[in-house]
Amino acid sequence: MAIYAEKYTLGLYKSSTNAWSLVPGVEALEDTVHCKDEFYVVNCQGNIFACDVTPPSHVMKLVVPYPQEYYYDSNCKKYIVESPGELLLVIRV
């Protein structure tokens, strides 16, 4: 799994087909992580999505919206970090 191209979309490599495929649904991604048998991504707005990579379709589902009570700056880089089985959103200011 990789974030690529101008729109920072998600790509998934399948060794069985020796090819990359686009995972539609969300753009402007900043980071991805694998945790508890699922892939998660964070977009530039701080929303966290779970990515179902099972064939035949790939589905992105919003699992944690960015809390509106916190300050938002689109220039800050966002990361998803796994910490003993939990996911943390880290924002570099």
Side-chain angles (χ1 to χ4, degrees):
M1 183 159 292
I3 297 170
Y4 72 100
E6 294 175 4
K7 294 183 179 181
Y8 299 98
T9 54
L10 195 61
L12 177 65
Y13 179 78
K14 293 186 180 183
S15 59
S16 60
T17 61
N18 197 29
W20 285 89
S21 62
L22 177 68
V23 179
V26 181
E27 295 178 351
L29 300 174
E30 294 201 14
D31 197 19
T32 182
V33 69
H34 185 260
C35 177
K36 295 183 181 178
D37 297 325
E38 287 194 86
F39 286 97
Y40 294 89
V41 296
V42 62
N43 68 359
C44 68
Q45 293 145 346
N47 298 308
I48 298 176
F49 298 84
C51 180
D52 180 2
V53 296
T54 55
S57 63
H58 310 299
V59 178
M60 301 281 275
K61 181 177 96 174
L62 178 65
V63 291
V64 181
Y66 188 77
Q68 296 301 315
E69 63 268 14
Y70 292 104
Y71 174 74
Y72 170 76
D73 183 352
S74 62
N75 296 320
C76 296
K77 179 71 176 149
K78 292 142 196 88
Y79 302 93
I80 303 175
V81 179
E82 181 183 4
S83 177
E86 294 185 344
L87 292 179
L88 305 175
L89 175 62
V90 177
I91 300 174
R92 185 180 69 189
V93 292

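This is a predicted model, so every value here is computed, not measured. For reference, positions follow the sequence shown, starting with 1.
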List the residues meeting side chain to side chain donor-acceptor pair (under 3.5 Å) with N18, not counting sequence neighbours, and say none if there are none. Y13
If we check side chain to side chain contact (heavy atoms under 4.5 Å, CB included) with V41, which of these qualifies: T9, L10, I48? L10
Taking K78 as the fixed residue, which of N47, D31, V42 is the one that meets the side chain to side chain contact (heavy atoms under 4.5 Å, CB included) rule? V42
Compare all side-chain heavy atoms of [X] with those of [Y] and state whether any distance is below 4.5 angstrom.
| X | Y | result |
| --- | --- | --- |
| F49 | V23 | no |
| E27 | N43 | no |
| Y66 | L89 | yes |
| L87 | V33 | yes |

Rounded distance (nearest 0.5 Å) linking atom OG1 of T32 with atom NE2 of H34: 9.5 Å
d(Q45 CD, E30 CD) to nearest 0.5 Å is 9.5 Å
Above 12 or not: heavy atoms from other molecules or residues under 6.0 Å from NZ of K61? no
Start with the C-alpha distance between M1 and C51, add both sets of side-chain angles, then the distance that settles side-chain contact (heavy atoms from CB on, under 4.5 Å), and finish with yes or no. CA-CA 10 Å; M1 183 159 292; C51 180; 4.2 Å; yes
Suppose we screen for side-chain contact (heavy atoms from CB on, under 4.5 Å). Which residues come up paired with A50, at least two apart in sequence or across chains? E38, Y40, V63
Decide side-chain contact (heavy atoms from CB on, under 4.5 Å) for Y79 and R92; before the verdict, give the C-alpha distance in whole Å, the side-chain angles of both, and the deciding distance to 0.1 Å. CA-CA 8 Å; Y79 302 93; R92 185 180 69 189; 3.3 Å; yes
Please find the pair of heavy atoms, one from G85 and one from C35, that lie closest to each other, and give the distance. O-SG, 4.1 Å
